[in-house]
Peer 1: 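Please see the structure below; I have some questions.
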Amino acid sequence: MSNIDRQPSIFTVQDASKIAFTLYGLQAEACPLPGELDHNFRLQTMAGQEFVLKIAHAGQQRDILDLQNKAMIYLAAHNPSLLLPQVCATSTGESTGLITASSGTAHFVRLLTYIPGRHLAEVKPHTPELLYGLGNLLGKLDATLQDFRHTAAQRTLKWDLQHTLWIREYFQHIAKPERRAIVENFVEQFETHVLPVLPTLRQSVIHNDANDYNALVSPVDKGSEPALSVIDFGDMVHTYTVCELAIAAAYAMLGKADPLNAAAQVVAGYHSAFPLSETELEVLYPLICSRLCISVVNSAYQQKVEPHNVYLTISEVPAWTLLAQLANIHPRLAYYTFRHACGLPPCPSTGALIQWLTSHASTFSSVVEPDLRTANTVIFDLSVGSRELGNLLNVSDLAWFNRHIFERMQAAQSSVGIGKYNEVRQIYTSDTYKVEGNNGFEWRTVHVGLDIFMEPGSSVLAPLDGIVHSFHNNAAPLDYGPSIILQHTVADGQLTFFTLYGHLSLDSLNSLAVGQPIARGTAFAKIGNDQVNGGWPPHLHFQIITDMLAKKGDFPGVALPSQRAVRLSLSPDPNLITCIPAERFPAVGLSAEQNRRLRSEHIGRSLSISYQQPLKIMRGLMQYLYDENGRAYLDAVNNVSHVGHSHPRVVKAGQEQMAVLNTNTRYLYDELVLYAERLCATLPEPLSVCFFVCSGSEANELALRLARTHTRRQDIVVVDVAYHGNTTSLIEISPYKFDGPGGTGAPPYVHKVPMPDVYRGQYKSSDPQAGEKYARYVDEAISQHQGKVAAFICESLLGCGGQIVLPDHYLEEAYRHVRNARGVCIADEVQVGFGRVGTHFWGFETQGVVPDIVTMGKPIGNGHPLAAVVTTPEIAASFNNGMEYFNTFGGNPVSCAIGLAVLDVIADEQLQQNALRVGQHLMDGLRGLMDRHALIGDVRGRGLFVGIELVLDRATLAPAPDQASYIVNRMRERGILLSTDGPFHNVLKIKPPLVFTAANADFLVATLDEILGEICSV
Ligand SMILES: Cc1ncc(COP(=O)(O)O)c(C=O)c1O
């Protein structure tokens, strides 16, 4: 379907240069460009100007070329802002020239300006903005061409969608019967739904071939919207204007897991530039399908003509795949989606239905007994962030869920519980709720019915007269079980809608017949138990449906967040019938927008938010975080949730201790000393005295005090780019901050030494002495300041520095120099401690050293604000100089109980071993990408502390921060959370909770592979 050159050109590049000179007076070098029938060349002059020389195939009619030229000239004159090829005149002022080939054939020649860019087909990903931009360009183009007329445009083309029926004669060329059936069905739709209304639609001259090879995406400045252009006006015709959009949308849908979503973006863009009528929107989807049908039938026929042309077979594959996808989409669902894209109510009849239901509210019978208008109901919060559901693991335990629901109802002495409409839930865990979208997996999470929890066997009553539309036992786990759909025709036959009753008892389906009348108030079914209702706590799922979309006995009760508006329009609020008083429903949480507004008002702006599209996180479980749409994100960067987000054992330890006692360290309680003993047992002698604090910063702050008191000196040696915390004295020893924006440089008593970076630094990994050589800088820094060093502070692997693994012997040698000067060695383990490095529990152990002070934070409390300093009895004794050290919260019983639970989980779940195994697997996978992606300069790390350094050039090591930022944002879109670090912000940082699995690592590597592939196409 693309314009790939399929025949050798009869013109050489020399011919093209000669023609350019003769006809246009241009001295230019030519290189061939693809062209289906024409011979196209790209010309470049000495001055750098670029053109496209188009030599028409012999036999090309002049008036068609004139149509194209005139249209391009008209567009340039009437809308110069459009990025389109411009027609260049010959030296004699003609827009079309004529040449004779050596074979004697005459050929028309045209010269157009060259539009730099890549074919849309080759650009990945097709972002919503890009697709919107395509639609917008075409909308503007068609709006401009509205009054353009040309006699040659009044022609009959096989690619003109109004003539779709011609393909019927060629159906026999489609070999596979199932494929033929798809095309036959779409053509029938065209005949019955499109043809009769076509004459009422507006007509104009259109481009008629905005396929993904004719749409160009031009390079733009950083941060700007992509610039789109369309080339090849060869199929221009006067026809129904909406065909333009149908063609572009058809190609924009190719290769998409969710084609409708992609098309909706193009439609939105088009509509914003050139508003579509409701009838145009109605025929759009069948027209899109028509274009694809013409395309596949055309290539099926061509294959008969050219049986050995492999290209024909290959090029039709994506179109067939798309047609098969579209065969499963009801045309009215597409219509509603397109209406929504244009800002219209998705389902046109819903407004009238809501009005009717509102004005007849008093006439409805209650769906259950007691009447929900007056009953004492418990309204449940089953939303993603629901506190009453607690840990996500509870919810997948259906027995727990069942107990919870009925215990709460019992406690409230209520026989009815309500689960809300339009609630985003995390409880739909089976694979039937998981769908592949255009950016990875999406989950159906939005509940579009009302749940009425009641004892099994409770009667279900018809709220108004209706007939049985359909019924079915949807028996899969977590599905509806037995369900009945009633059809209601109201407002003197003007309105038809449906009500769905799910999770019924099996015998509710006995002796029912389609079409059977069910009178208002009739008890026609019963609530089923968990044995038959899909495994759920007994309840009725009650839903209104405005359009069954040809379904029977089933209709989705939970929607994809991306289809929320359309699905809510298809299923308006069931409380229009049940009429539970609005004030019973508690207020819903803040929207992401409201949250951001309040944040900007009340939270200091010096705190940035991650990602271009910030995430509103509602809950976490192990290595996953869930956003407000219930989408799961693989957390590959949060080393704080060390043993997993909301790990149930850690949560339980904290909750249990908080329920009994929380006090300060001036009392005796066992948790403090038992925890101190356990923590010290992980450390080598003589590290045996603990101070508990509340943050890594506090830990480092105290470490400085310990060192300074012990040595009675003030000077500190720090490693470049290090970050040690947010207090005044820690900013002073953090080059990452004092050398960064807003920083004022190092104070005189802080001495910076280069990072021992064997990738980018002075001594490389090939130098076996690199560790010793980098350590010499520590010695030099001490000597330069008369040996008066209080402490050398260094992370055991460098975090902000860019996930750097220290070279062998670095700390050993550095510590030797420091100790020779009677300074103290501080190991900052705030990022890397507690088994993350896999081979050892502590990062410093990988260097074979024993520090004098170890500081711990982040992972120590799995997210609870706990941190610690552990030192030697000698240093602790120096600190005991009369000035008391007290910390109100540090070491409280709750923190200690949590700290103990973290140590238990690390040991019991063998997380250190997991870090080693999965970290190695991850690094192997990442290193495997290096052959394919030159952007990856280095993959380094230990265990699950991994860095990927991105460079523009592996020889010069020019950093690639823009690419790193692009990757982090794209990975987030694909459901993986990462971040960047390093002095040039070009290192992708991976430090997930230690429960990360090999499958998680594979997913990360595969997704990164795809996104790196996009980068060459941006
Ligand atoms: C190495 C290192 N030390 C100390 C800190 C400070 O810890 P906190 O933010 O808990 O105060 C951090 C925080 O990022 C860190 O990375």
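Just so you know, ligand 1 is whichever comes first in the structure, and atom 1 is the first atom listed for that ligand.
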Peer 1: Going by the order shown, which atoms of ligand 1 are within less than 4.0 Å of some heavy atom of Gly725?
Peer 2: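 Under 4.0 Å from Gly725, ligand 1 has these atoms: 6 (C).
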
Peer 1: Return the closest protein heavy atom for atom 4 (C) of ligand 1 as residue, atom name and distance.
Peer 2: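 Nearest neighbour among protein heavy atoms for atom 4 (C) of ligand 1, to 0.1 Å: His724 O, 3.2 Å.
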
Peer 1: Any chance you could lay out the side chain to side chain contact (heavy atoms under 4.5 Å, CB included) test for Ile906 and Val643, step after step, and finish with the verdict?
Peer 2: CA-CA 7 Å; Ile906 295 173; Val643 300; 3.7 Å; yes

Peer 1: Atom 10 (O) of ligand 1: which protein heavy atom is closest, and how many Å away?
Peer 2: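 Result for atom 10 (O) of ligand 1: Gly696 N, 2.8 Å.
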
Peer 1: Does the plane of the ring in Tyr774 sit parallel, tilted or perpendicular to the ring in Tyr777? Use 30° and 60° as the thresholds.
Peer 2: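 Plane angle between 30° and 60°, so tilted.
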
Peer 1: Check for me whether Arg631 meets the cation-pi criterion with Tyr633, that is, NZ or CZ under 6.0 Å from the six-membered ring centre and within 45 degrees of the ring axis.
Peer 2: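 The answer is yes; both the distance and angle limits are met.
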
Peer 1: Could you tell me if Lys737 sits above the aromatic ring of Tyr723, with its cationic atom closer than 6.0 Å to the ring centre and no more than 45 degrees from the axis?
Peer 2: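 Output yes; distance and angle both within limits.
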
Peer 1: Taking heavy atoms and a distance under 4.0 Å, where does Lys858 meet ligand 1: side chain, backbone, both or neither?
Peer 2: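 It is the side chain that touches ligand 1; the backbone stays farther off.
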
Peer 1: Just going by heavy-atom distances, which of Asp981, Leu866, Asp828 is nearest to atom 3 (N) of ligand 1?
Peer 2: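 The option holding the nearest heavy atom is Asp828.
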
Peer 1: Which of the atoms in ligand 1, numbered in the order shown and given with their element, are less than 4.0 Å from a heavy-atom of Ser695?
Peer 2: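 Near Ser695, meaning under 4.0 Å from one of its heavy atoms, ligand 1 has 10 (O), 11 (O).
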
Peer 1: Does a sphere of radius 6.0 Å around CZ in Phe889 hold more than 12 heavy atoms from other residues, nucleotides or ligands, not counting ones at 6.0 Å or beyond?
Peer 2: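 No, because the 6.0 Å sphere around CZ of Phe889 holds 12 heavy atoms or fewer from other groups.
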
Peer 1: Does Arg666 make a cation-pi contact with Phe886 (under 6.0 Å, within 45 degrees of the axis)?
Peer 2: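 Yes, Arg666 lies over the aromatic ring of Phe886.
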
Peer 1: Kindly check if the number of other-residue, nucleotide or ligand heavy atoms within 6.0 Å of NZ (Lys616) is above 12?
Peer 2: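 Count over threshold, so yes.
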
Peer 1: Atom 1 (C) of ligand 1: which protein heavy atom is closest, and how many Å away?
Peer 2: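 For atom 1 (C) of ligand 1, the nearest protein heavy atom comes out as Glu795 OE1, 3.2 Å.
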
Peer 1: So which heavy atom in the protein is nearest atom 11 (O) of ligand 1, and how far is it from that ligand atom?
Peer 2: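 Answer, as residue, atom name and distance: Ser697 OG, 2.5 Å.
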
Peer 1: Taking atom CZ of Arg822 as the centre, does the number of heavy atoms from other residues, nucleotides or ligands within less than 6.0 Å exceed 12?
Peer 2: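 Count not over threshold, so no.
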
Peer 1: Taking only heavy atoms of Asn700, which atoms of ligand 1 are found under 4.0 Å from at least one of them?
Peer 2: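 Matching atoms, with element in brackets: 3 (N), 4 (C).
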
Peer 1: Record the part of Leu730 in heavy-atom contact with ligand 1 below 4.0 Å; permitted values are side chain, backbone, both and neither.
Peer 2: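 Neither; nothing of Leu730 gets under 4.0 Å from ligand 1.
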
Peer 1: Which heavy atom of the protein is the closest neighbour of atom 16 (O) of ligand 1, given with residue, atom name and distance?
Peer 2: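 The answer is Gln831 NE2, 2.7 Å.
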
